[in-house]
Enquirer: 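Take this structure, written in structure tokens, and hold onto it; I'll ask about it next.
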Amino acid sequence: MLKKRIIPCLDIKDGRTVKGINFEAIQDAGDPIELAQRYVQEGADELMFLDITATLEKRKTLSELVTRIASEINVPFTVGGGINSLDDAKRIIDAGADKISINSSAILNPELITEIVNEFGSQCVVLAIDTKCVDEKWEVFRNGGRTATGLNAIQWAQKGVTLGAGEILLTSMNNDGTKAGFALDITKQISENVSVPVIASGGAGTMQHFFNVFNQTKATGALAASVFHYGQIPIPTLKQFLNKQNIPIRL
Amino acid sequence: MIAILKYNAGNTTSVENAIKSLGYAALVTDDVSLLKSAEKIIFPGVGEASSAMKYLRKRGLDEVIKNLEQPVLGICLGMQLLCESSEEGDTEGLGIFKTKVRKFPLKDIVPHMGWNNFTAVNGDLFQHISIENDCYFVHSYYAELCSEIAATTNYILPFSAALQKDNFYATQFHPEKSSLTGLQILKNFLEL
């Protein structure tokens with residue numbers, strides 16, 4: 001049986017892992033390679049590396065980091081952040097990433113999804129969507145959650161899939177950093193309205209939250225950062241818990 | 001030396017890393033004489049079937065692959081290209097394995113992406129592997145069940161997760177991305 005995926009996310013800034021709360025307040029959280037290796041040993045099914053390095057110059061070091069990650073870990077990993085062109089995507093994939101995720105750049109230039117898909121295939125392209133519930137509507141935000149786009153999250157997800165995206169990474173900004181649980185309603189709506197896998201992100205605080213998102217939505221993956229970084233939820237304990245609750249999981 | 005076939009549909013970095021981590025020398029190449037003299041050959045693949053086949057034919061690599069005598073391991077698209085035909089781009093394959101590649105019916109999420117276990121395992125690649133072990137899959141097309149099957153998996157329907165015939169071996173999943181289980185399968189191939 002196909003297993004649900006537990007995906008730790010490592011936010012990368014200038015080659016270090018960092019963690020923010022509600023898209024702000026950055027704290028240092030360690031060496032990315034060390035953390036990645038630890039997660040894989042503990043049973044992480046995939047890893048997500050999100051580069052939030054501000055300057056273009058420092059961002060170039062990202063492909064070197066990707067090469068090191070690829071040589072150290074043997075589970076699939078996705079790299080996102082600052083991928084604005086086919087060339088950016090190519091550099092990261094050639095360095096050894098299995099998938100790239102695009103967010104703001106796809107909103108500004110939806111054709112970019114198709115360009116990357118035509119070169120590397122749908123399975124390489126994750127469309128990351130940051131969404132916030134405003135006046136009871138789930139709106140898409142770009143630029144690290146700073147800029148409203150007027151796009152409806154469900155429609156944008158569907159359009160992204162039509163353009164070729166092979167997977168949706170859905171982050172609820174209302175929930176991110178709150179540890180109050182995943183945004184079940186929007187995750188359910190999007191996962192029931194696209195044909196590709198959806199990863200839920202934002203809000204994981206307890207093991208029950210992971211159960212809820214797998215039990216109540218069609219998400220096939222759940223992504224979290226701080227609960228794993230700071231050891232609040234050890235991955236093996238989480239996976240045992242989900243297994244006992246009859247969620248298909250890789251032990 | 002282990003040769004990894006270089007062509008237009010291979011993300012070869014992870015395969016190369018995995019082989020090196022097992023202590024073997026690996027070379028990514030499309031040089032025919034190097035391929036022919038390699039101890040074993042890995043035929044990876046991520047991408048679209050018909051354009052990959054066209055590329056192989058244009059360079060005469062299709063005939064080279066078919067006539068290889070040393071152990072060959074096709075991975076993912078590499079496995080699908082070793083079959084008779086594929087519905088992806090409606091192309092003929094290399095015809096080593098007597099089975100056809102079809103698109104998954106859209107009765108569930110496609111691609112089949114993530115970790116899945118087996119319903120049966122058999123043969124050289126699966127020494128020390130049980131049906132409970134999970135491997136990492138990502139594919140929208142599958143090879144139908146056939147008599148050359150080495151492992152079966154269920155997703156939407158039962159399909160060929162691995163094939164074996166003479167010196168040809170193939171896995172639909174990515175052993176290089178399947179943690180310790182995948183490394184064991186690669187090790188089994190490298191120790192043939």
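Lettering of chains follows the sequences in order, A, B, ..., and the numbering in each one begins at 1. Heavy atoms only: backbone and side chains are in, while hydrogens, waters and symmetry mates are out. Keep in mind the model is a prediction, meaning the values are calculated, not measured.
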Enquirer: Only pairs at least two apart or in different chains count here, so list each side chain to side chain donor-acceptor pair (under 3.5 Å) that has a residue in residues 116-126 of chain B.
Expert: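 Listed by first then second residue: A:Lys3-B:Asn117, B:His112-B:Asn116, B:Thr119-B:Thr152, B:Asp124-B:Gln164, B:Asp124-B:Tyr169.
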
Enquirer: Can you tell me which portion of B:Leu183 sits under 4.5 Å from chain A's heavy atoms? Options are side chain, backbone, both or neither.
Expert: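 The answer is the side chain of B:Leu183.
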
Enquirer: Is chain A contacted by the side chain of B:Glu176, its backbone, both, or neither, given a heavy-atom distance below 4.5 Å?
Expert: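 For B:Glu176, the backbone is the part near chain A, not the side chain.
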
Enquirer: Any side-chain heavy-atom pair from A:Ile199 and A:Thr220 closer than 4.5 angstrom?
Expert: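 No, their side chains stay 4.5 Å or more apart.
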
Enquirer: Taking every heavy-atom pair that is under 4.5 Å apart, which of A:Gly121, A:Ser195, A:Pro76, A:Ser71 has the most such pairs with chain B?
Expert: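 The answer is A:Pro76.
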
Enquirer: Tell me, out of A:Glu167, A:Glu72, A:Arg250, A:Gln123, who's got the most heavy-atom pairs with chain B below 4.5 Å.
Expert: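 Of the candidates given, the most pairs with chain B belong to A:Arg250.
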
Enquirer: Using a distance-only test with no angle check, is there a side-chain donor-acceptor pair under 3.5 angstrom linking B:Gln172 and B:Gln80?
Expert: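 There is such a pair between these side chains.
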
Enquirer: With chain B, which of A:Val40, A:Asp98, A:Ile73, A:Ile93 has the greatest number of heavy-atom pairs at distances under 4.5 Å?
Expert: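 Maximum pair count with chain B is reached by A:Asp98.
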
Enquirer: As a quick check of understanding, evaluate side chain to side chain contact (heavy atoms under 4.5 Å, CB included) for B:Val138 and B:His174, giving each step before the final call.
Expert: CA-CA 8 Å; B:Val138 51; B:His174 288 272; 4.0 Å; yes

Enquirer: Taking every non-hydrogen pair under 4.5 Å, which of A:Glu46, A:Met1, A:Arg5, A:Glu119 racks up the most with chain B?
Expert: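 Looking at each option in turn, the highest pair count goes to A:Met1.
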
Enquirer: Between A:Arg68 and A:Glu64, does any side-chain N to carboxylate O distance fall below 4.0 Å?
Expert: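 A salt bridge is absent here (no side-chain N lies under 4.0 Å from a carboxylate O).
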
Enquirer: So what's closer than 4.5 Å to chain A heavy atoms on B:Ser178: side chain, backbone, both or neither?
Expert: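 Only the backbone of B:Ser178 comes within 4.5 Å of chain A.
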
Enquirer: Which one wins on heavy-atom pair count under 4.5 Å against chain B: A:Ala95, A:Ala70, A:Ser191?
Expert: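 Ranked by heavy-atom pairs under 4.5 Å with chain B, first place is A:Ala70.
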
Enquirer: Does the gap between the ring centers of B:Phe173 and B:Tyr136 come in under 6.0 Å?
Expert: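 Ring-ring flag for B:Phe173/B:Tyr136: false, centres at least 6.0 Å apart.
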
Enquirer: List for me each residue that meets ring pair (Phe, Tyr, Trp, His ring centres under 6.0 Å) alongside A:Phe241, sequence neighbours excluded, and say none if there are none.
Expert: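 Per chain and number, A:Phe241 pairs via ring pair (Phe, Tyr, Trp, His ring centres under 6.0 Å) with no residue.
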
Enquirer: Sort out for me which of B:Val110, B:Leu180, B:Asn133 touches chain A most, counting heavy-atom pairs under 4.5 Å.
Expert: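 Greatest number of close heavy-atom pairs with chain A: B:Val110.
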
